[in-house]
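The structure appears right after this line, and notes come after that.
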Amino acid sequence: MLLTVLSYVMIIIFMFVIMKKKMSPFTALVLIPLIFALIAMFAGVSKEGSIGDFVMEGIKTTSTTGIMLLFAILYFSIMLDAGLFDPITKKMIHIAKGDPMKVLIATAVVAAAVSLNGDGTTTTLICCSAFIPIYKKLDMKLMNLGVLVILQNTIMNLLPWGGPTARAMSVLNVGAEILAYLIPGMIIALLYVIFIVAPSMGRKERARLGIKQLTDEEIDAMTTVTDEETLAIRRPKIWLFNAILTIGLIALLVTDSFVGLGLPPLFLFLTGTVVALMVNYPVLKDQSKRIGANGGDAVQVVILVFAAGVFMGLFQGTGMADALAQSFTKIIPNQLAGFWGLVIALISAPGTFFISNDGFYFGVLPVLAEAGRAYGFTDMQMALASLMGQAFHLLSPLVAFIYLLLRLTGLDMGQWQKESAKWALGIFVIFVVTIILTGHMPLYIPQ
């Protein structure tokens, strides 16, 4: 009982200090779970083990992601320095002609397309590299970019290679046909972001900025680099090589997601970074300068990823995560047994936000599923229901790549979470309503 209370209090305090900006995400991710872990251990309600063991186990879960992010950030930073995205930025501004509405819709479309590979890090790096210069040149709000990228990645993350769907499939032993049941909701949700969310943002930006009817000459002047230091690190003569290298790297990332080439993202970005440095900046002194100039941004993100690992390690190692999971099932009254599919869908929202996907699908879902079978729900119906909360999962401070998104866009986590959650609620409703209307999950089973 005490461990359950500690888990709830810890989460409430953590979200409070983040939302109210009382602590930075880095310090909150480490200090708050550490304090509550110590309380649990002194009170004798923690699982057996030491603080050090818990922390190291947690860091193991995020270490690969953290190192991969280090090289991914360095790679795309080098490409930005070399000017790979300059022609893309210029072309898109020519197409938009100064209309923020067109830029926002393009952002939503590109984010959805890039998210096909199921990797949030790649999606964030590509979208931010391509669009941040455009947003800054047109004085548009980067909050909109951060929200659109996460919403589209949230939807595409339901593809089996994204992670949560594969976990639900393995835990409840359901087949690949689950994707066919998810696709209608995913398509509607994508259209919702492209034709409702992005235009809504666009109308506000039009009202704030107006529609600038820029001439080609004005756009050329806006997009021409004049700073001497910037021009010194541009490599326009090697643009084609950089484009082929980047496209090839992305193609390998996507292919590995589908067929498993044995080429993990960490290895691909490490190799890509080395090749990019050697070709674009063959002089050793220049290579050191590029690493030094971009290393700060990379380190800022990586330390947050490791801090998230500390949070998960302490939360799960002490048993607070298990206590929280068990409490979910105990607080549900028996009168809701006939609505168990909807209950699982509603629990999956906070469940996958406050607990890692592994913790929810391997710890909480089996308990919920056991009760659901007794109420007449099939494993497929419960697997579908458990995935509905993914609409909010990527807003969680336990998701590593969001720190990259926040770092690149300069957004505050609390404000970004509130703005994104407002639109993510629409995605959640679309997911739930779609699987009910298509008959794949009953709203109610008489008991």
Side-chain angles (χ1 to χ4, degrees), residues 112 115-116 118 151-193 257 325 328-329 332 336-396 399 421 423-447:
S115 294
L116 273 169
L151 291 181
Q152 296 296 60
N153 198 248
T154 286
I155 299 164
M156 301 305 287
N157 198 44
L158 287 181
L159 292 168
W161 49 89
T165 302
R167 289 177 175 88
M169 289 168 65
S170 63
V171 168
L172 295 181
N173 195 28
V174 299
E177 63 271 18
I178 191 173
L179 181 60
Y181 304 154
L182 290 169
I183 281 178
M186 292 172 66
I187 292 174
I188 295 171
L190 288 171
L191 295 175
Y192 156 75
V193 175
S257 300
F328 284 155
T329 60
I332 303 166
L336 294 178
F339 295 96
W340 200 248
L342 186 59
V343 168
I344 291 177
L346 292 172
I347 289 176
S348 70
T352 57
F353 183 90
F354 292 117
I355 307 173
S356 67
N357 272 339
D358 284 339
F360 180 78
Y361 287 102
F362 297 122
V364 180
L365 185 56
V367 180
L368 296 173
E370 186 176 348
R373 294 185 192 101
Y375 301 144
F377 288 83
T378 67
D379 286 350
M380 178 62 79
Q381 291 165 353
M382 291 184 288
L384 286 167
S386 72
L387 292 167
M388 301 299 97
Q390 289 297 315
F392 299 98
H393 169 65
L394 295 185
L395 304 183
S396 169
V399 176
W423 298 110
L425 179 61
I427 294 175
F428 177 76
V429 172
I430 289 170
F431 283 168
V432 173
V433 170
T434 303
I435 62 170
I436 291 174
L437 292 181
T438 53
H440 300 309
M441 188 193 81
L443 176 62
Y444 178 76
I445 294 180
Q447 299 298 302

In chain order, what residues pass the side-chain contact (heavy atoms from CB on, under 4.5 Å) check against Thr434, with sequence neighbours excluded?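 Per chain and number, Thr434 pairs via side-chain contact (heavy atoms from CB on, under 4.5 Å) with Pro184, Ile188, Ile430, Thr438.
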
Determine, stepwise, if the pair Phe360 / His393 fulfils side chain to side chain contact (heavy atoms under 4.5 Å, CB included). CA-CA 11 Å; Phe360 180 78; His393 169 65; over 6 Å; no

Sub-4.5 Å side-chain heavy-atom contact between [X] and [Y]:
X      : Y      : answer
Tyr181 : Ile435 : no
Met186 : Ile427 : no
Leu342 : Tyr444 : no
Glu177 : Met380 : yes

Measuring from atom [atom1] of [X] to atom [atom2] of [Y], what distance do you get when rounded to the nearest 0.5 angstrom?
X      : Y      : atom1 : atom2 : answer
Asn157 : Gln152 : CG    : CD    : 12.5 Å
Leu443 : Leu437 : CG    : CG    : 9.5 Å
Asn357 : Ser348 : CG    : OG    : 10.0 Å
Leu151 : Met156 : CG    : CE    : 13.5 Å
Leu182 : Leu384 : CG    : CG    : 5.5 Å
Thr154 : Leu190 : OG1   : CG    : 11.0 Å

If you compare all heavy atoms of [X] against all heavy atoms of [Y], which two are closest, and at what distance to 0.1 Å?
X      : Y      : answer
Phe431 : Ala189 : CE2-CB, 4.0 Å
Ala385 : Gly341 : CB-O, 3.2 Å
Val171 : Tyr361 : CG2-O, 3.2 Å
Thr352 : Gly389 : OG1-O, 3.4 Å
Gly426 : Tyr192 : CA-OH, 3.6 Å
Met382 : Gly372 : SD-CA, 3.6 Å

Donor-acceptor pair, side chain of Gln390 and main chain of Leu387, under 3.5 angstrom: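 No.
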
Answer yes or no: is there a donor N or O on one side and an acceptor on the other, between the side chain of Trp340 and the main chain of Leu368, under 3.5 Å?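 Confirmed, Trp340 side chain pairs with Leu368 backbone.
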
For atom CD of Glu370, is the number of surrounding heavy atoms from other residues, nucleotides or ligands below 6.0 Å larger than 12?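 Not more than 12 within 6.0 Å, no.
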
Worked verdict on Phe377 versus Ile445 for side chain to side chain contact (heavy atoms under 4.5 Å, CB included): CA-CA 8 Å; Phe377 288 83; Ile445 294 180; 3.8 Å; yes

What's the verdict on side chain to side chain contact (heavy atoms under 4.5 Å, CB included) for Leu179 and Thr165, showing C-alpha distance, side-chain angles and the deciding distance? CA-CA 8 Å; Leu179 181 60; Thr165 302; over 6 Å; no

Evaluate the side chain to side chain contact (heavy atoms under 4.5 Å, CB included) criterion for residues Leu365 and Arg167: first the C-alpha distance (whole Å), next the side-chain angles of each, then the deciding distance (0.1 Å), finally the verdict. CA-CA 10 Å; Leu365 185 56; Arg167 289 177 175 88; over 6 Å; no

